[in-house]
Number of protein chains: 2
Amino acid sequence: MSRALNDAPHVSEAVRRKVKEAAAALDYHPNLAAQSLIARRSYLIGLTYERPSPSYVVELQNGALGRLENERYRLVVLPFNHVASRPEELGKLLLRAGLDGVLLAPPACDQPVLLDMIERQRLPYARITPHSDLDRGLVVAMDEVAAGHTVATHILSLGHRRVGIILGDPSHAASRGRLEGYRQAFDEAGVAIDDSLVGTGDFTYDVGYRVARELLDGPLRPTAILAQNDDMAVAAIAAARDFGLSVPQDLSVAGFDNSEVSRTAWPPLTTVHQPVREMAWDAANRLIAMLDADTDGDAPRRRDHLHELLVRASTAPPSSTG
Amino acid sequence: MSRALNDAPHVSEAVRRKVKEAAAALDYHPNLAAQSLIARRSYLIGLTYERPSPSYVVELQNGALGRLENERYRLVVLPFNHVASRPEELGKLLLRAGLDGVLLAPPACDQPVLLDMIERQRLPYARITPHSDLDRGLVVAMDEVAAGHTVATHILSLGHRRVGIILGDPSHAASRGRLEGYRQAFDEAGVAIDDSLVGTGDFTYDVGYRVARELLDGPLRPTAILAQNDDMAVAAIAAARDFGLSVPQDLSVAGFDNSEVSRTAWPPLTTVHQPVREMAWDAANRLIAMLDADTDGDAPRRRDHLHELLVRASTAPPSSTG
DNA sequence: CCTAATTATGTCAACGTTTACCGTTTTGTC
DNA sequence: GACAAAACGGTAAACGTTGACATAATTAGG
């Protein structure tokens, strides 16, 4: 009888114990489908993301799992590539997955079409570091502009003036936000951004490597490179090595994300710590709070997490010969 | 009516079309809990693994997801640390998760207690690269001994004789298997393994770094290091740098796994490609074949995948001064 | 044109829980 | 010891599908 196992009131201790013993003896496990059916809950939380670096995915996942650990909720992973070009497909996938709620990482969290779909079906969702429509749904954010500003200021204050920039995938709004932060820092320092030193990557090592080579091979070789994630920053270091440049003496390189590779690279990367794990935890936390409360009115809908500049060995003042 | 939507026979085209239109208009989605209840299936596949490198996790996950992509099955991730010391807890977790089947990565796949539990509850499972009880359950394997043999032979054939070894976590049977392969190769070459040059790591960068420093600081500095995964191999390169040794001139380093870091490290690592993604795909494939067939008799229970030695720039013959 | 076969549609039990309800027993109070 | 109140245990409806079965409508064959 369900009352005994679920510690409901109005049941004697003796009976409760006997039932629990019998259940244990028979290795009885309640049927989750039946429970779901009656509770109108699947106790499944979805996590959708798009092909970024392994360390990012794992951080994201671990953050969410950390919050779910002692809950009934389970995490279903639903990676999906090229959301920008086919948001409805992802929407269908999510709606068919029978989820109670979904965590949307970039760039899916910035697809209005997708948000429309899942709102229409009343599927609760939390957005991790979105960059548009910040008033929609639960939002867990990092101020990308401020983060970009911080790292660019670091480079400029070291004295660099010819600064190369490797942008991330243009479909990720993070790329634009960080660039905007760079711009502000450059403006404040009275330095102009040289468009010929701005290259577009896609957050992968390989493309980052190609773009870095182009920057270093150009007429105005930069003395520093701002890469929009760590993988591309590591690629820039590899490219520098090809040109016989040592980091940070001949070229400073700064990354973004504080991923594992930024620690294990040589030299260790100056980077910006994105508290991905904490943000994912927070997103899961707020999502399940909303699910369990069965109300979505009161809680603050947006929460900002702080970035942190980690100055390591890959940045230094430009050499006098530079 | 379910007949119309599920394309069952005995329903007129006209009715079928009308029902489907109405369903689409109302954004109707069948309730998965009710379907699960009657089908006695949750259409959930679990994946459990233990805190290894991000790239390994992502490969594993992507392999499994690749197979599940166009199936009804969804993937639930269930990482779990320190299985060796508490296998029953993982067993309970898995049994309570309401899964149709589970993919077990190391070291969970080598816990007899765990296998006993999930067998008793008739939870189908596939084991990815297990090392003991190879006749239990569905097995997707790589011959670790052969792989260890291959990489050790490579190092020996370059002429190295003083070879340091950094083992992985002892609770992973892979560590023992690879070491056994090293032994065979050393025996064949008539070279003895110097126990003072064997250190025990745990597959992490940090511990690998510490162990590598100890090896390089000892009385008999090795001319080559065999690390049992790439993260520790990269750590060994960093340690070598601390001692003013360049790789591969003064020290050869070989890793294991062909993880992303092995490509992006400098110099790029000689390593052994473990077809993790393919094995995970295969494990998922065989598992769902078993689930869908509702029989577990006929298919071969074990399948071996091939390793591949990738010789890159981190290994070279020992310098004459060595 | 009638019967039989075929095809289409409607009905209802079943899946395994939870919860509300109702009847019974125990406990407490005067 | 009688009564009210509280505690307990049993029963049955409900959750949203599927699939077996029954019934109704159509078609084919004699």
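Chain identifiers are assigned alphabetically (A, B, ...) following the order of the sequence lines, protein sequences preceding nucleic acid strands; residue numbering begins at 1 within each chain.
- If you take CD1 of B:I38 and C1' of D:dT17, they are 6 Å apart, rounded to a whole angstrom.
- In this model, no donor atom of one side chain and acceptor atom of the other lie less than 3.5 Å apart for A:D231 and A:Y56.
- In summary, B:D135 and B:R302 do not engage in a salt bridge, as defined by a charged side-chain N under 4.0 Å from a carboxylate O.
- Taking side-chain N and O atoms only, A:Q35 has no distance below 4.0 Å to OP1 or OP2 of C:dG16.
- Taking side-chain N and O atoms only, B:Y28 has no distance below 4.0 Å to OP1 or OP2 of D:dG16.
- The phosphate of D:dG16 (OP1 or OP2) has a side-chain N or O of A:R40 nearer than 4.0 angstrom.
- A:E69 contributes atom CD, which lies 10.0 Å from atom CG of A:N62 (distance to the nearest 0.5 angstrom).
- A straight line from CZ of A:R41 to P of C:dT19 spans 12 Å, rounded to a whole angstrom.
- Taking atom NE2 of A:H29 as the reference point, atom P of C:dC15 lies 21 Å away to the nearest angstrom.
- Across the protein-nucleic acid pair, B:N31 atom CG and C:dT17 atom P stand 17 Å apart, rounded to whole Å.
- The pair B:R74-B:D100 does not meet the salt-bridge criterion, since no charged nitrogen lies less than 4.0 angstrom from a carboxylate oxygen.
- What separates CG of B:L37 from P of C:dT18 is a distance of 12 Å, to the nearest Å.
- One interatomic measurement links the two molecules: CG of B:L32 to C1' of D:dC15, which rounds to 14 Å at whole-angstrom precision.
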